[in-house]
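Written below as structure tokens is the structure these notes are about.
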Amino acid sequence: MAVYVRKPGRLNMGKAFKDKDMQAVIGWVLRLGVLISMLVVFIGGIIYLYRHGHTTASYHQFKGVPDFVTGIPNIFSAIVNGRGRAIIQAGIILLIITPIVRVAFSIVGFIIERDWLYTGISVIVLLIILFSAISGHAG
């Protein structure tokens, strides 16, 4: 009789996909999302400070948010041009997307487990999050 020993932090690929495996995947998704967004914000901050660290801030006139950080296409074109604030904004967007991806992975896990009640609840939660993010209305 062969005994299968599962190492901590490893996915169980030899046997059926279990709930603990899904928890491990979701944990890695959250860790990677936070680490990648931190790295992107850090790189953007370095670029921003390199280009604008020597300028003195003027608070006599309110300038608002620049156009290149108001919308996904503008952010992408500003990232291509190497603008630090756009890279920071992209890191913040990645951080916001991380829990949304977590809910999507939960839906996949519940479908694999054939747990239709929690699949339905997770789909409703995902739709509420997406509606709130797209419409700008909270709650």
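The figures that follow rest on heavy atoms only: side chains count, while hydrogens, waters and symmetry mates do not. FYI, the numbering just counts along the sequence from 1.
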Test side-chain hydrogen bond (donor to acceptor under 3.5 Å, both in side chains) applied to Arg102 - qualifying residues, sequence neighbours left out: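 So Arg102 forms a side-chain hydrogen bond (donor to acceptor under 3.5 Å, both in side chains) with Ser106.
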Quick one: [atom1] on [X] to [atom2] on [Y], what's the gap to the nearest 0.5 Å?
| X | Y | atom1 | atom2 | result |
| --- | --- | --- | --- | --- |
| Glu113 | Ile111 | CD | CD1 | 11.0 Å |
| Phe42 | Ile47 | CZ | CD1 | 11.0 Å |
| Ile129 | Ile96 | CD1 | CD1 | 12.0 Å |
| Leu94 | Ile36 | CG | CD1 | 7.5 Å |
| Ile79 | Ile43 | CD1 | CD1 | 11.0 Å |

Of Leu126, Leu127, Leu130, the residue whose pairing with Val103 passes side-chain contact (heavy atoms from CB on, under 4.5 Å): Leu126
Heavy atoms of Ile75 and Ala86 approach each other most closely as CG2-O, 3.7 Å
Shortest non-hydrogen contact between Ser122 and Ile107, atoms and distance: CB-CG1, 3.4 Å
Is [Y] reachable from [X] through a run of hydrophobic residues whose side-chain heavy atoms are each under 4.5 Å from the next?
| X | Y | answer |
| --- | --- | --- |
| Val41 | Ile46 | no |
| Ile88 | Ile93 | no |
| Ile92 | Ile87 | no |
| Val29 | Leu39 | yes |

Leu49: what forms a side chain to side chain contact (heavy atoms under 4.5 Å, CB included) with it, not counting sequence neighbours?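 Expected list: none.
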With sequence neighbours left out, what residues match Ile124 under side chain to side chain contact (heavy atoms under 4.5 Å, CB included)?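 With sequence neighbours excluded, Ile124 shows a side chain to side chain contact (heavy atoms under 4.5 Å, CB included) to Ile128, given in chain and number order.
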Val25 versus Val108: any side-chain heavy-atom pair under 4.5 Å?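 The answer is no, as the side chains (C-beta and beyond) never meet within the 4.5 Å cut-off.
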Is Met38 isolated, or which residues cluster with it under the ILVMFWY side-chain rule of less than 4.5 Å, directly or via members?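 Val34, Leu35, Leu95, listed by chain and number.
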Would you find a donor on one side and an acceptor on the other, under 3.5 Å apart, between the side chain of Ser77 and the backbone of Asn74? yes
Go through the structure and list residues passing ring pair (Phe, Tyr, Trp, His ring centres under 6.0 Å) with Tyr118, not counting sequence neighbours.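 Per chain and number, Tyr118 pairs via ring pair (Phe, Tyr, Trp, His ring centres under 6.0 Å) with Phe110.
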May I have all residue pairs that pass side chain to side chain donor-acceptor pair (under 3.5 Å) and include part of residues 42-54, sequence neighbours excluded? none
